[in-house]
Trainee: 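Take this structure, written in structure tokens, and hold onto it; I'll ask about it next.
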Amino acid sequence: MGYFTKDEWMDGMRNLNVTNNEDLKAKIFDMEESLQDERQFKDFYSFVFPFAKTKTQKSMDVEVALALWEIVLKDRYAHVPLFIDFIRKQEPIKVVNKDQWTSFLDFCKVISVDLSNFDPLSSWPVLFDEYVEWRRDNGL
Amino acid sequence: MAMSARRLKRKMQAPKLPSTDPQFDKSFELLAQAIHEIHRKNASNLSYEELYRNAYIMVLQKRADTLYNGVKEVISDHLELVAETEVVPAFVKTTDTNARMSADAGTSFLMTLKRVWNDHTTSMIMIRDILMYMDKKHVKPANMPLVYDMGLELFRDKVIRSQKHPIQAQLTAVLLDQIKMERRGEQIDRSAIKGAVDMLVELYDQDKRENVYVVDFEPHFLETSSAFYLVESQALLAECDASEYMRKIEKRMNEEYNRTRHYLSPVTEPKIRNIVETQLITNHAKTIMEMENSGLRPMLAASAIEDLSRMYKLFSRVPEGLNEMRTYIKNYVLELGNLINAKVDSANDNTKPKDKDGAGAGDKPATTTGSLYTALRWVQDILELQEKFNKIIDFAVLKDKSFQTAVNEAFETFINANPRSPEYISLFIDENLKKGLKGKTEEEVDNILDHTITLFRFIREKDVFERYYKQHLAKRLLFGRSVSDDAERSMITKLKVECGYQFTTKLEGMFNDIRISADTVTAYKDYLDASGIEKPKIDMASTILTSTFWPMSASTSPKWIMPAEITDACQSFEKFYYGRHNGRRLTWQPNMGTADIKASFNTKRHDLNVSTYGMAILLLFNEVPDEQCLTTSDIQAQTDINDIDLRRTLQSLACGKYKILIKEPKGKEVDTTDKFYLNVNFTCPLARIKIQTVATKVETESERKTTHEKVDKLRKHQIEAAIVRIMKDRKTMDHNLLIAEVVKQLSNRFNPSPQMIKKRIEELIDREYLERNAGDRKSYNYLA
């Protein structure tokens, strides 16, 4: 799991003009607001993967990925709980690679929850094809 | 008409003309009389010059109009008279109930009409001649109908289309009646009809811009014909089978064609043909094809070329006609093909191993012979099916390409529906390249191979075929089972033509290895002679296989414990070989060799030819006293041969035709605790005996799975290689285009699904050969 060194933490706080808890509390609201901007959010989302995965591995453990998706994408996209459910029940993978992580955000943005605009011949990672199939097979 | 200067004898009443010109009246009177005489066929008494002159003068005196109208009136009156007094009396009486009588009456009417017409046209020619000057100087410039044409119009209006008498209706009715009779098979007078038709054709209708035949008669003809053929089709369907029905159609079509040629107008030909085609063919094509015992299916089953040919010709006349026929044939082929496949399934279900005590003299395990037979039978059945339909396509449907394509599609479908088809086809070729071809001429051999190539073309998974072909070829080459080197090479050439040289370089490599090995062995012998090194006790001929060509690889070579007796020989050869080829590594393949063993039994000595494994096992018995035995596990321990091959070899030595070993307990199945004794009392009339083990057989289900796993692995590599190759070239490419290009490049080996390709793309993204295009999710960039 990712971490910050003390120096990194101190530098970061200084850059945000935060010196105490009250400041930090206030800043958090600002930061959450800033995530409403799509570009900011995308940067943030891309940051999470290399940050949170085990440094020695190329890909991220699936459990970590699921937890992170829940935190990071919670309430933004309806696909998220369904997708997590799919991974847990079907267990198609043990790790999540960078491509799958990055593509998932795009997938959530582009593909409607009812999967009506999903084209199986398009270039989504195979994992997402399997997700769609699972949902359709189970009438979800 | 004979011209003389004799004066007219009789005078007739001349029509009263509004005139202020007695001179004109007199001249006109003359002419009118002349016309009457002409009508009465008394023209010989007339003077052409005088009449001509009269007319001439009248024109000069600017009385042409009056002349014209006057003449018109004369002729008109005459025709009305003719209609009433000659044509109407000739009408067919409706009281004639006798068909023959009414037919004759009809003919009679037509002939009367014809006569009247002929008379009229003859008269008109004469009248025209007289009035030629008027035609030229007055009529033509004024754009009025010329005299002759005016005569035709009058005939049309006063006779044919007479308002006073139903001549038109009568004529049409008679004509249609005659035709109806002829269609029923009765004789009619065709020339009479032709006369009437010619007449109608010559008469013109300005308003409709067509001749009277087309305007007045033809529509009725077509209508009644349509009705007739509607009924006819029902009648024929009720009483004829498909073959007969079609022959009748042909007959009718010829009949109608004849009709238009001989007495109707040629313009009717396409229209009546259309009607016949629609009523007899279009509306019933499906019914004909589906007739229970005589339709398309029985025709195909019996290869009834003549009937099929007729059907093809007839159906090709109507739009969409051939589509149904083609689809029908395609489905029939599919059906037959599926039956052939089903035979395989049921045969394989029946060849599960039987009871354990099946051992008898000389029978191989039933499964082996059974399934090889099934495989060969499958190929043979398909070749026969192909031959059958080739004949049909060549002779019945005139090599129609669309039919050929449809049949090919059917073949491709059911051949690939059998997952073992690549194996079976390779086995068939194998069978023909070893035993089957003996005694056949080179031409026959070539023929069989050509046919097999056509089947090969249908296989989608050509890479699977390649794998089997290599395995079978390896066995043929290594055990010297090819009947003819030429035939082998010919086959490879044919495969090269189909698939390109990549397919066949390895096969050719195998051939080269055999050849080079022979040279190497000779060189080895020379070397031993020349160097004076002690020759090893065992005489050994090695075949050196370049591992990339052959279907075995060094890493998967089966292990074994080399018997001490041959270690010397092997090492000696190895030393020689390494001396010549530094950097190469040799791995002995114990599953591929043979050995000749001199065995002393109680009665006689025999030369045994056994597999290398067999040799290893038999040599063990040199150390074992006669009364003692070795168990399977003993043998396993001392030779380290793998389980499957061990059992197979033991079976060949103890359970086959020649029992070199005695097995306890008896029976085909070899258990770990079974005991084996050397059969010291073995006898056989032959001095030299060959113990077969490695016959080519059909793979077991688990072997097949293994083969397919290997092929799948190879395919993954090939897909990735293709992707990288393409992306390196294009640098950037859209997802769907990339998939299409990959499929295209691999199409002559196998057919990768888009999913498979997608997985490989993702793999390559993960390994950073490619990346997704940042701006456009749907395309990829090549990463150098």
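Proteins come first, then strands; the chains are lettered A, B, ... in the order of their sequence lines, and each starts at number 1.
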Trainee: Ring of A:F41, cation from A:R76 - is the NZ or CZ under 6.0 Å from the centre and inside 45° of the axis?
Mentor: yes
Trainee: Is there any residue in residues 92-113 of chain A with a non-hydrogen atom under 4.5 Å from a non-hydrogen atom of chain B, and which ones are they?
Mentor: A:N97, A:D99, A:Q100, A:S103, A:D106
Trainee: Could you check whether B:K462 makes a cation-pi contact with B:F456, meaning its NZ or CZ is under 6.0 Å from the centre of the six-membered ring and within 45° of the ring axis?
Mentor: yes
Trainee: Identify whether the distance between the nearest side-chain nitrogen and carboxylate oxygen of B:K330 and B:E335 falls below 4.0 Å.
Mentor: no
Trainee: Using 4.0 Å as the upper bound for N to carboxylate O, is an ion pair formed by A:E63 and A:R88?
Mentor: yes
Trainee: Are the aromatic rings of A:Y3 and A:F51 close, with centres under 6.0 Å apart?
Mentor: no
Trainee: Indicate yes or no: does B:E699 engage B:R420 in a salt bridge with an N to O separation below 4.0 Å.
Mentor: no
Trainee: Does any non-hydrogen side-chain atom of A:D23 lie less than 4.5 Å from one of A:N17?
Mentor: no
Trainee: For the pair A:D11 and A:R14, find out whether any cationic side-chain nitrogen is under 4.0 Å from an anionic carboxylate oxygen.
Mentor: yes
Trainee: What residues of residues 763-776 of chain B sit under 4.5 Å from chain A when you count only heavy atoms?
Mentor: B:I765, B:D766, B:R767, B:E768, B:R772
Trainee: Residues two or more places apart in sequence or in another chain: which of them pass side-chain hydrogen bond (donor to acceptor under 3.5 Å, both in side chains) with B:K758?
Mentor: A:D129
Trainee: Is B:R467 salt-bridged to B:D463, going by a charged N under 4.0 Å from an acidic O?
Mentor: no
Trainee: List the steps and the verdict of side-chain contact (heavy atoms from CB on, under 4.5 Å) for A:F83 and A:F128.
Mentor: CA-CA 9 Å; A:F83 188 72; A:F128 300 170; 3.8 Å; yes
Trainee: Within the 4.5 Å heavy-atom criterion, are B:T505 and B:F549 side-chain neighbours or not?
Mentor: no
Trainee: Side chains of A:W9 and A:K6: does their closest heavy-atom pair fall under 4.5 Å?
Mentor: no
Trainee: Just checking heavy atoms, which of residues 702-735 of chain B are less than 4.5 Å from chain A?
Mentor: B:H735
